Amino acid sequence: KNQVEQSPQSLIILEGKNCTLQCNYTVSPFSNLRWYKQDTGRGPVSLTIMTFSENTKSNGRYTATLDADTKQSSLHITASQLSDSASYICVVSSSTGGYNKLIFGAGTRLAVHP
Amino acid sequence: NAGVTQTPKFRVLKTGQSMTLLCAQDMNHEYMYWYRQDPGMGLRLIHYSVGEGTTAKGEVPDGYNVSRLKKQNFLLGLESAAPSQTSVYFCASSYRPAGPTLSSGNTIYFGEGSWLTVV
């Protein structure tokens with residue numbers, strides 16, 4: 001069964017600290033992996049997209065890594081800011097039958113405190 | 001530059017009532033999607049459309065109908081609302097299918113969400 005599991009479920013850190021969010025997936029066949037940021041009460045916004053051949057992708061203070069062999073991805077946030085408080089969603093795309101299905105993780109809720 | 005716009009943002013329905021959620025995008029995208037988001041779960045695809053006049057079922061289509069009469073609009077209908085349909089609904093669009101090719105057109109843009117409560 002295609003699944004995307006994220007950990008931790010929730011995380012609290014102090015402003016200025018770094019943190020890493022994890023994503024493990026059992027999706028086949030694999031097309032690409034995306035990270036989204038979802039602010040409370042808003043829609044998800046794309047942070048990064050990585051294909052099978054990419055190991056890392058950065059977007060400002062956000063750096064995503066992908067290990068396709070172990071089927072793991074991480075999202076590292078550097079020098080956190082209060083505005084980083086949000087849910088971070090890992091999404092894996094699987095290409096089957098001509099349609100690219102997206103499998104969403106449940107998200108990690110990050111709270112950055114001053 | 002509105003992107004993806006959903007209306008209404010909030011709605012309370014009684015069991016058995018019907019309603020329509022409207023999604024509009026101004027990016028000339030071919031592909032549009034309706035998802036629902038429930039606590040502790042990832043977004044799940046209800047229906048999608050690969051172009052004007054086309055619709056297809058996603059993974060949780062029961063109890064919903066959709067129409068794509070115009071390229072920029074994708075409507076989600078609930079014919080007879082049930083408490084199990086209490087959820088947050090997100091519309092999304094992309095220029096090309098959310099597939100393996102890397103390009104700016106591969107990005108999926110989401111609306112702000114519509115909070116629906118069925119009592």
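Lettering of chains follows the sequences in order, A, B, ..., and the numbering in each one begins at 1. The structure presented is a predicted model; accordingly, all values stated were derived computationally and were not measured.
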Nearest-0.5 Å distance, OH of residue B:Y33 to CG of residue A:L102: 7.0 Å
B:L45 CG to A:I103 CD1 distance, which is reported to the nearest 0.5 Å: 10.5 Å
Those residues of residues 106-114 of chain A, ordered by number, that approach chain B below 4.5 Å (heavy atom to heavy atom): A:A106
Enclosure of B:E79 CD (heavy-atom neighbours >12, cutoff 6.0 Å): no
Neighbour count above 12 (heavy atom, 6.0 Å) for B:K9 NZ: yes
Say whether [X] and [Y] are linked into one hydrophobic cluster, either directly or through other cluster members, by side-chain heavy-atom distances under 4.5 angstrom.
{"X": "B:Y64", "Y": "A:F104", "value": "no"}
{"X": "B:L21", "Y": "B:F90", "value": "no"}
{"X": "A:I77", "Y": "A:L82", "value": "yes"}
{"X": "A:L75", "Y": "A:F52", "value": "yes"}
{"X": "B:V118", "Y": "B:W34", "value": "yes"}

Side chain to side chain contact (heavy atoms under 4.5 Å, CB included) assessment of B:L43 paired with A:I89: CA-CA 9 Å; B:L43 275 75; A:I89 302 173; 4.3 Å; yes
Within residues 36-46 of chain A or reaching into it, pairs that qualify as side chain to side chain donor-acceptor pair (under 3.5 Å) - sequence neighbours excluded: A:Q38-B:Q37, A:R42-B:E112
Stepwise side chain to side chain contact (heavy atoms under 4.5 Å, CB included) test for A:R34 and B:I108: CA-CA 10 Å; A:R34 310 156 184 260; B:I108 307 170; 3.9 Å; yes
